[in-house]
Colleague: 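First the structure, which I've put down as structure tokens, then a few questions once you've had a look.
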Amino acid sequence: MGRRPPIGDDDAAAPAYASVTGSAEFTLPYVKDDDIRSFSFDAHAAPYGKPLPGIPTGLPTDVRGTVKISHYSAERDITYTSEGRVDCLVTGPHTATLTAVITKVGAGGPPWAGKRLGFSVQDGGADQGRSDDRVGFSWEMVNLLPGGTAAPPEAEVGTCMAPAPYAPVAKGGYTVRHADLLPPPRN
């Protein structure tokens, strides 16, 4: 496998690696409540770093990092938390889609341990101390399998799958560092 420079290498000849970092609270455009929801991301591309069965080189979307989810329910006066290991990252200019497998769920939280969740981020930059960032996520009303007469079940999330970033950031912000996906390493 060809040598890849370490992430963060300042050498101008080194390929740039994508990342998504930051923490922000956001509001839901379709629900008006006093809840406080936030995501924190620390995800850094590590292309071809995780061999898979049938894909010994790994993928250009391989990544290392974490996501933290927090949801304060004003009605219940409790904060639910979850943490996950990011397993896929792909970016475009000012945008990112990532997925994470949830590894830890706080008391009373949803039954997400072992489940993959999808996230999207739009880095709108800073504008006089105000963020124009947005996030999206793959649960609640955006990842259902409608049909039949029963309530629609939630669909399984594949790697790097998430809806568009539909929820505006109210406080905090994210930084998306875009890098094109790299070709496989040469032997």
Side-chain angles (χ1 to χ4, degrees), residues 7 18-46 49-53 58-59 61-91 95-123 131 133-146 150-177:
I7 293 172
S19 64
V20 179
T21 56
S23 184
E25 295 175 5
F26 59 91
T27 59
L28 298 178
Y30 54 87
V31 173
K32 299 299 178 210
D33 59 23
D34 293 323
D35 289 9
I36 300 170
R37 298 166 178 89
S38 70
F39 298 150
S40 297
F41 300 111
D42 185 17
H44 303 270
K50 297 177 184 174
L52 295 169
L59 299 168
T61 56
D62 287 346
V63 62
R64 61 178 171 77
T66 58
V67 62
K68 294 181 181 179
I69 304 165
S70 176
H71 180 174
Y72 169 73
S73 170
E75 180 181 334
R76 295 182 183 109
D77 192 27
I78 188 169
T79 300
Y80 302 103
T81 60
S82 300
E83 296 179 18
R85 177 187 44 79
V86 179
D87 69 348
C88 191
L89 171 65
V90 65
T91 63
T95 62
T97 302
L98 57 159
T99 49
V101 175
I102 301 303
T103 57
K104 183 178 176 183
V105 177
W112 287 347
K115 185 176 181 176
R116 179 179 291 112
L117 302 177
F119 304 87
S120 59
V121 176
Q122 177 183 339
D123 180 351
S131 173
D133 294 358
R134 298 177 74 86
V135 295
F137 52 95
S138 66
W139 59 96
E140 284 190 6
M141 299 181 204
V142 297
N143 190 34
L144 303 177
L145 294 171
E154 191 172 300
E156 187 174 335
V157 173
T159 58
C160 279
M161 304 307 295
Y166 56 86
V169 163
K171 182 180 177 183
Y174 301 108
T175 300
V176 173
R177 180 178 173 194

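Only this structure's heavy atoms are used, side chains among them; waters, hydrogens and symmetry mates stay out.
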Colleague: In Å, rounded to the nearest 0.5 Å, how long is the span from NE2 of His71 to OG of Ser82?
Modeller: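 Those atoms lie 11.5 Å apart.
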Colleague: Could you give me the CA-CA distance, side-chain angles and deciding distance for Val67 and Leu98, then say whether side-chain contact (heavy atoms from CB on, under 4.5 Å) is met?
Modeller: CA-CA 10 Å; Val67 62; Leu98 57 159; 5.6 Å; no
Colleague: To the nearest 0.5 angstrom, please state how far the OG atom of Ser138 sits from the CD atom of Glu154.
Modeller: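 Between atom OG of Ser138 and atom CD of Glu154 there are 6.5 Å.
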Colleague: Supply the atom-to-atom distance Ile69 CD1 to Leu117 CG, rounded to the nearest 0.5 angstrom.
Modeller: 5.5 Å
Colleague: Within a 6.0 Å radius of atom NZ on Lys68, are there more than 12 heavy atoms belonging to other residues, nucleotides or ligands?
Modeller: no
Colleague: Name the orientation class of the two ring planes belonging to Phe137 and Tyr166 (parallel below 30°, tilted from 30 to 60°, perpendicular beyond 60°).
Modeller: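 Rings of Phe137 and Tyr166: tilted, 30 to 60°.
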Colleague: Should we count CD of Glu156 as having more than 12 external heavy atoms under 6.0 Å?
Modeller: no
Colleague: Would you name the heavy atoms of Cys88 and Val63 that are closest together and state the gap between them?
Modeller: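 That would be N-CG1, 3.3 Å.
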Colleague: Side chain to side chain contact (heavy atoms under 4.5 Å, CB included) with Val169: which residues, sequence neighbours excluded?
Modeller: Ala24, Ser131, Asp133, Tyr174
Colleague: Just by distance, do the side chain of Thr99 and the backbone of Cys160 share a donor-acceptor pair under 3.5 Å?
Modeller: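 Yes; at least one donor-acceptor contact below 3.5 Å.
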Colleague: How long is the span from the NE2 atom in His44 to the CG atom in Asp62, to the nearest 0.5 Å?
Modeller: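 Between atom NE2 of His44 and atom CG of Asp62 there are 15.0 Å.
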Colleague: Look only at the side chain of Asn143 and the backbone of Ala155, and say whether a donor-acceptor pair between them is shorter than 3.5 Å.
Modeller: yes
Colleague: Which residues satisfy the side chain to side chain donor-acceptor pair (under 3.5 Å) test with Thr97, sequence neighbours excluded?
Modeller: none
Colleague: Give the minimum heavy-atom separation between Trp112 and Ile102, together with the two atoms involved.
Modeller: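 Answer, listing the atom of Trp112 first, then Ile102: O-CB, 3.3 Å.
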Colleague: If only atom types and distance count, is the side chain of Asp42 paired as donor or acceptor with the main-chain N or O of Gly65 below 3.5 Å?
Modeller: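 Between the backbone of Gly65 and the side chain of Asp42 there is no qualifying donor-acceptor contact (under 3.5 Å).
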Colleague: Yes or no on side-chain contact (heavy atoms from CB on, under 4.5 Å) for Thr159 and Leu59, after CA distance, side-chain angles and deciding distance?
Modeller: CA-CA 11 Å; Thr159 58; Leu59 299 168; 5.7 Å; no
Colleague: Could you state the interatomic distance from CG (Asp33) to OG1 (Thr27), rounded to the nearest 0.5 Å?
Modeller: 9.5 Å
Colleague: Taking Arg134 for the side chain and Pro165 for the main chain, is one N or O donor matched with an acceptor at less than 3.5 Å?
Modeller: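 Yes: the side chain of Arg134 pairs with the backbone of Pro165.
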Colleague: For the residue pair Ser120 and Pro163, what are the closest heavy atoms and their distance?
Modeller: OG-O, 2.7 Å
Colleague: Using side chain to side chain donor-acceptor pair (under 3.5 Å) as the criterion, list what pairs up with Arg116, not counting sequence neighbours.
Modeller: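 Counting only residues at least two positions away or on another chain, Arg116 forms a side chain to side chain donor-acceptor pair (under 3.5 Å) with Asp87.
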Colleague: Within this structure, what is the CG-CD distance for the pair Asp35 and Glu75, rounded to the nearest 0.5 Å?
Modeller: 8.0 Å
Colleague: With side chain to side chain donor-acceptor pair (under 3.5 Å) as the test, pick out the partner of Tyr72 among Asp34, Thr81, Asp77.
Modeller: Asp77
Colleague: Phe39 vs Phe119 aromatic rings, parallel, tilted or perpendicular, using cut-offs 30° and 60°?
Modeller: perpendicular
Colleague: Identify the two heavy atoms, one from Val157 and one from Gly118, that lie closest to each other, and give their separation to 0.1 Å.
Modeller: CG1-N, 4.0 Å
Colleague: With a 4.5 Å heavy-atom cut-off, do Trp139 and Lys115 have their side chains touching?
Modeller: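 No, their side chains stay 4.5 Å or more apart.
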